[in-house]
Amino acid sequence: MSTSSQHQFRYTQTPSKVLHLRNLPWECAEEEIKELCKPFGKIVNTKCNVGANRNQAFVEFADLNQAISMVSYYASSSEPAQVRGKTVYIQYSNRHEIVNNKSPGDVPGNVLLVTIEGVEAGDVSIDVIHLVFSAFGFVHKIATFEKAAGFQALIQFSDADTAASARNALDGRSIPRYLLPEHVGSCHLRISYSAHTDLNIKFQSHRSRDYTNPYLPVNPTAIEGMVQPAVGPDGKKKEPESNVLLASIENMQYAVTVDVIHTVFSAFGTVQKIAIFEKNGQTQALVQYPDVTTAATAREALEGHCIYDGGFCKLHLSYSRHTDLNVKAFSDKSRDYTVPDPSMLAAQAPAAAWQNFQASPMYPGGSPAVQGQVPGGQVPSWDPTVQAVAPSYASAPGTFHGQTYAAPAYSPAAMPAASSPLSHTSPVSHNANSLGITQPRVQQNVNVQPSGASPLGPGSSPVMESSPDAQGLGQPTLRPGGASPPGQAPYHG
DNA sequence: AGCACA
């Protein structure tokens with residue numbers, strides 16, 4: 001043994017109440033580490049799954065002598081410290097206390113946040129998730145979603161103990177291969193706790209389930225297969241229709257406020273809710289109508305038109321996968337016209353709250369349950385472009401954890417493609433008014449017809465009274481019913 | 001197999 005090697009790690013020799021454990025098994029659970037350490041004293045803190053490989057941990061004893069006794073014991077023991085048969089290396093930490101050992105995801109609760117790594121959203125059906133986690137207790141609710149972190153699921157158990165047992169057993173584990181499509185490689189579960197205590201599931205769908213309420217309606221637009229935008233032979237997208245429109249606003253030289261959106265879209269029917277958000281640097285808005293027909297009318301009439309003269313704020317409309325927006329009733333980016341009383345907002349527990357929770361880690365530390373509230377009045381982080389892919393995997397009955405499971409409640413029904421009448425969804429208009437995306441020479445204006453009747457296509461678009469310059473910024477020029485002949489655009493950019 | 005950033 002060279003003196004240099006002794007010097008190399010000399011600094012680790014200073015005793016500390018905190019021990020550094022390394023070479024732990026993959027995603028070793030906190031309980032396993034405690035089991036190893038607690039014979040030597042009282043553990044006051046741990047920090048697990050640290051290091052690049054998440055196979056290290058820190059354990060803080062109440063007393064320095066307890067830490068010394070553990071190090072001393074294994075220094076002289078013929079049997080090394082082991083977890084799951086794997087030798088664990090124990091040294092004094094170079095710090096003397098564990099600070100902030102609990103990240104929010106480590107605060108136990110009855111709802112787990114599960115990240116399924118290495119899969120696409122369509123690879124793991126909600127039935128498979130349910131199957132896997134049901135082995136540990138009754139799964140009340142599941143909500144799945146896609147975020148930057150990947151495909152995730154919130155899984156609600158009855159209590160924190162059940163959730164903890166599932167977490168301890170499955171964190172870092174993989175979903176069995178036979179439950180996955182063949183093309184999926186590794187598929188590790190990364191599990192932490194959610195701050196939620198009760199998920200608000202609005203529909204039984206391919207992405208959310210409430211097993212406590214079998215009578216919950218099935219979201220008609222979220223049935224498997226329905227949401228996947230089919231591509232026809234001509235390459236046109238055939239989206240499922242919806243009562244909610246997704247408006248992308250191109251060339252947004254002027255502010256587009258909730259009020260502006262409301263004004264424009266109210267021409268075709270009652271606008272129930274609006275949410276404005278940014279997506280890939282482009283402003284988009286979700287506009288909710290009471291029914292699909294109204295939305296279709298508005299879509300037909302507004303597609304390709306500009307809110308302002310001069311080719312500004314050009315609208316591109318598609319159907320959202322949403323059917324009922326959960327938005328803050330009054331904010332600068334959203335409006336819920338069905339909730340006149342702001343105090344009602346608390347009762348409008350948005351199912352999107354957990355999405356928001358994912359997007360912005362602003363859950364109050366230690367504060368119980370941000371349940372049912374959109375935190376901070378933020379606009380929910382809608383991600384309408386993430387169109388869920390219909391699971392190609394049909395979960396078959398099988399056994400897992402020694403239990404036999406029935407077939408999934410939802411068979412992958414064939415997409416009722418015929419129900420989508422939209423055959424002219426091409427982004428490029430074939431009409432005379434060739435609204436060049438880059439060089440809009442002729443102004444196409446929003447035609448507002450309060451009756452909503454006989455919406456005009458882009459080719460027969462009437463014009464607004466004037467350019468935004470004449471009207472001042474921020475106010476679209478709307479002339480109800482004042483249909484001018486086509487080609488009479490007064491503004492030439 | 002060698003130190004934490006939530």
Side-chain angles (χ1 to χ4, degrees), chain A residues 1-34 36-37 40 43-62 64 66-68 70-75 77-109 111-115 117 147-150 152 164 167 171-172 190-196 354 356-370 375-376:
Chain A
M1 182 186 295
S2 71
T3 52
S4 65
S5 66
Q6 286 179 331
H7 278 287
Q8 190 178 349
F9 301 116
R10 171 132 351 209
Y11 69 98
T12 64
Q13 298 300 103
T14 306
S16 165
K17 296 200 304 291
V18 182
L19 298 183
H20 178 224
L21 284 64
R22 55 195 161 82
N23 202 38
L24 289 161
W26 171 259
E27 287 283 324
C28 177
E30 181 190 30
E31 274 310 309
E32 298 176 279
I33 294 166
K34 283 183 172 175
L36 176 69
C37 300
F40 300 94
I43 298 164
V44 296
N45 237 338
T46 66
K47 185 165 184 64
C48 306
N49 298 326
V50 301
N53 295 327
R54 296 170 61 86
N55 64 344
Q56 302 174 32
F58 296 93
V59 174
E60 179 178 344
F61 284 101
L64 177 64
Q66 297 168 348
I68 292 174
M70 183 169 183
V71 170
S72 302
Y73 175 84
Y74 285 111
S77 168
S78 56
E79 290 287 310
Q82 288 184 330
V83 172
R84 288 189 225 158
K86 197 160 182 248
T87 297
V88 178
Y89 299 89
I90 303 171
Q91 288 174 297
Y92 298 113
S93 171
N94 54 20
R95 301 189 198 180
H96 287 84
E97 62 177 352
I98 294 174
V99 291
N100 251 348
N101 70 312
K102 292 273 193 280
S103 61
D106 289 329
V107 179
V111 178
L112 296 178
L113 171 62
V114 180
T115 303
E117 299 178 332
K147 281 295 163 192
Q152 296 187 306
R167 180 184 133 116
D171 193 12
R190 193 128 292 161
I191 305 177
S192 60
Y193 292 105
S194 165
H196 294 273
W354 39 263
N356 208 15
F357 163 83
Q358 280 310 113
S360 54
M362 57 182 302
Y363 30 80
S367 169
V370 292

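Values reported hereafter were calculated over all heavy atoms of this structure, with side chains retained and with hydrogens, waters and symmetry mates removed. Everything numeric in this text was worked out from a predicted model, so none of it was measured. Below, chain A is the first sequence line, B the second, and so on; all start at residue 1.
Residue A/L24 contributes atom CG, which lies 13 Å from atom C1' of B/dC3 at whole-angstrom precision. A/E30 has its CD atom 19 Å from the P atom of B/dA4, to the nearest Å. Atoms CZ (A/R95) and P (B/dA4) sit 6 Å apart, rounded to a whole Å. Rounded to whole angstrom, the span from the NE2 atom of A/H20 across to the P atom of B/dG2 amounts to 8 Å. Rounded to whole Å, atom C1' of B/dA4 lies 10 Å from atom CG of A/N94. Distance NE2 (A/H96) to C1' (B/dC3): 13 Å, rounded to an integer number of Å. Separating the CG atom of A/L21 from the P atom of B/dG2 is a distance of 13 Å, rounded to the nearest angstrom. In this structure, CD1 of A/I90 is placed 13 Å from C1' of B/dA1, rounded to the nearest angstrom.
In this structure, A/Y89 forms an aromatic stack with the base of B/dA1, since both conditions hold: centre separation below 5.5 Å and plane angle below 30°.
Of the residues near DNA chain B, A/K86 and A/V18, the one whose nearest nucleotide (by heavy atom distance) lies more toward the 5' end is A/K86. If A/E97 and A/R22 are placed on DNA chain B by their nearest nucleotide, the residue sitting closer to the 5' end is A/R22.
Distance alone, capped at 3.5 Å, is enough to place a donor-acceptor pair between the A/R167 side chain and the A/I191 backbone. Here the side chain of A/N23 pairs a donor or acceptor atom with the backbone of A/T87 at under 3.5 angstrom.
For the pairing with A/F58, the side chain to side chain contact (heavy atoms under 4.5 Å, CB included) check across A/T46, A/V50, A/N45, A/L19 returns one residue only, A/V50.
A donor-acceptor contact under 3.5 Å links the side chain of A/Q91 to the base of B/dG2.
The side chain of A/K47 sits closest to B/dA6 out of B/dA6, B/dC3, B/dA1.
Using the six-membered ring where Trp is involved, A/Y73 and A/F40 have ring planes that are tilted, between 30° and 60° apart.
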